[in-house]
Number of protein chains: 2
Amino acid sequence: MKVTIKDVAERAQVSVATVSRVLNQSKPVSPEIQDKVMRAVNELGFNPNPVARSLVMKKSLLIGVLIPNIANMFFSVLVRGLEEECYKQQYTTLLCNTNGEIDKELHYLNLMKDKYVDGVVILTSSLKEEHIQFFEENPIPVVFASQSNNGGGMFDCINIDDFQAAYDATSFLIKWGHKKIGLLSGPLTDMESGFSRYSGFRKALEEHNLDFYEKWFSEGTYDIYSGFLRGKEILSRKERPTAIFCASDTMAMGLIHAADEIGIRVPDEISVMGFDDIPMAEAFRPGLTTVRQPIFELGAKAAKMLMEQIQKKSNHKKQLKILPHEIVVRKSCLKLL
Amino acid sequence: MKVTIKDVAERAQVSVATVSRVLNQSKPVSPEIQDKVMRAVNELGFNPNPVARSLVMKKSLLIGVLIPNIANMFFSVLVRGLEEECYKQQYTTLLCNTNGEIDKELHYLNLMKDKYVDGVVILTSSLKEEHIQFFEENPIPVVFASQSNNGGGMFDCINIDDFQAAYDATSFLIKWGHKKIGLLSGPLTDMESGFSRYSGFRKALEEHNLDFYEKWFSEGTYDIYSGFLRGKEILSRKERPTAIFCASDTMAMGLIHAADEIGIRVPDEISVMGFDDIPMAEAFRPGLTTVRQPIFELGAKAAKMLMEQIQKKSNHKKQLKILPHEIVVRKSCLKLL
DNA sequence: TTGTACGCGTTATCAC
DNA sequence: GTGATAACGCGTACAA
């Protein structure tokens, strides 16, 4: 029923080896025979079985992708960039949700290895010993996206400068006259989007001799619901900050929702700054003042870096690529001066 | 370097056949030998090579998923449901973006077939002749999600009742006193979320002897930007409707954004109704009055239906499952009476 | 119950 | 240049 290389060989009256050679152009074949083979291929509508091919080549034209949560806009847009670039190069993405759990990450990493993926793109909260160990044992091309810790030059990485971005965002608020600023961060165990942004925030405060208020600080999980819950918490204290910086647009939206329920107007009574600039940040009312990451590009470039690594194979120079961020001013923040 | 079944066999002093048998429990093996084998397996940390296994079994523990656009909240949430259910059953999802293009769909479908996926879940704008032909030639278990046309009982389908849902939404607006109602639909070439909702809308109008106004009707593409553009178009006419029904929450958000830019207040000057009830619909200001689909559940159940189909293999009774929808009243619509 | 040997569909290594 | 044939790692008739 299924047409194999053997059928083609018979039809073209040559050996399977020859068929393989013309299909892969791995060895010179005389033009006449090449013709015969190609004709047979077309007539039979043959296409090589990728599974059999994988088994012998230890390749699959598959790119494994580890994602904490695909239903998070930041990740899904990034994945689009990733996927589009892969498609151009004939690769297909094997997408796996990890919930940020290292166990699941490892589970999928092992699966990917066994599936002979040609490379892996990892989105994880922080580089862990387990990751390092895995890739020491299994030298698979990999790039960590939205992550700056490259394990001391062990891995390719691509990210924005989270620290600086948070610093810039906070400085922006300060420049606009805010002195009592709250923070809704990600989990501080996330070294990048969690801790780095937290640190950038504190640094900006320090440099301007402003206090960091524990009571107006909370760790969320980037999603809208945590923004809502943490927002209610912070906003229902008897004293309120004049501005809150959120580590994701989604949390900012949740927080604004909370403010609305309590009856606090944004930005009149409190300013809210987001992070990411997801597509909805502009349509949201009030339009979110936020830090723009080139999300799609982050994904596309991660894919490109991976392709390069796959090509060069050995002696590949690992690099850490930092993409620019940008403050986008809309309506959710008020100028106090 | 890599441990194979052969290594295990040697270590356990049995044949590879025996090892295979205890691992797959395909044939009875004496308890003592079973022990020996399992010990060897654990000591060596053996796990079967899925590629080799696929080659011989024509199975892969892979579920192919066709998605128009993963960066669309409706789809990404649905995929989460899908993925979570698959994971429980040891399956991994091979996710592919199609942009709704039949060429890409077919491309990926062929790839999936060659990868020996155990089943496929398809999200597509409408069932086409090409789909039917493909599955006639390749009898792979499949379920169409968010789609009601099951090709006359050929396929498993799961969806809500799009027609009725749009009818209900429109009736709701009418009940609230709206008589001049606009429509921002999806592409009418989409039989379900496009045409069915359009039809439900018109039916409700007709039944209440209300006019359908071409000038307040536009076809969008579900995304936020098309909502914005079409919204500007509709709202800048010299006469305006009192309400607009949108075929997706995202478009509703884009439309509200447009209204805001023009200076039209929602819901005071115009009511906007969405569709889907994505997570952000509640946090959005004003909270979106919308039609809730059980999105996550849609994905999870689609997966379950597929699993069932995979198990039963032949003589599987195809079904069309309709999940309930529900009007969620929030703030984006005004009662005129 | 257990072992031998072949097949799955390719690519790669030999000879010729 | 071209053709046998041995891998790749596993499941499974068939024989024992």
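Chain identifiers are assigned alphabetically (A, B, ...) following the order of the sequence lines, protein sequences preceding nucleic acid strands; residue numbering begins at 1 within each chain.
- Side-chain atoms of B:H131 and B:E105 form a donor-acceptor pair, as typed in the model, at a separation below 3.5 Å.
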Across nucleotides 7-16 of chain C, 5' to 3', mark each nucleotide with B, S or - according to how protein heavy atoms within less than 4.0 Å reach it. BBBBSBB---
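- Ion pairing between B:K36 and B:E32 fails under the 4.0 Å rule for side-chain N and carboxylate O.
- Taken over five-pair windows at either terminus, the axes of the helix from C:dT1-D:dA16 to C:dC16-D:dG1 are inclined to one another by 50° (rounded to 10 degrees).
- With sequence neighbours excluded, no residue satisfies ring-ring contact (aromatic ring centres under 6.0 Å, His included) with B:Y116.
- Backbone-only engagement by A:V14 is indicated by non-hydrogen atom pairs under 4.0 Å involving sugar-phosphate atoms exclusively.
- Applying the ring-ring contact (aromatic ring centres under 6.0 Å, His included) criterion to A:F74, with sequence neighbours excluded, gives no partner residue.
- Side-chain atoms of A:R53 and A:N24 form a donor-acceptor pair, as typed in the model, at a separation below 3.5 Å.
- By the 30° and 60° cut-offs, the orientation of the rings of A:F155 relative to A:F144 is tilted.
- For the pair A:L320 and A:Q147, the tightest heavy-atom approach, listed with the atom from each and the gap, is CD1-O, 4.4 Å.
- Side chains of A:Y87 and A:T93 form no contact here, defined as non-hydrogen atoms less than 4.5 Å apart.
- Contacts of B:K113 classified as side-chain hydrogen bond (donor to acceptor under 3.5 Å, both in side chains), with partners at least two apart in sequence or in another chain: B:N110.
- Using modelled atom types and a 3.5 Å distance limit, the side chains of B:Q319 and B:D156 yield no donor-acceptor pair.
- With a heavy-atom cut-off of 4.0 Å to chain A, the contacted part of DNA chain D has its first and last nucleotide at D:dG1 to D:dG9.
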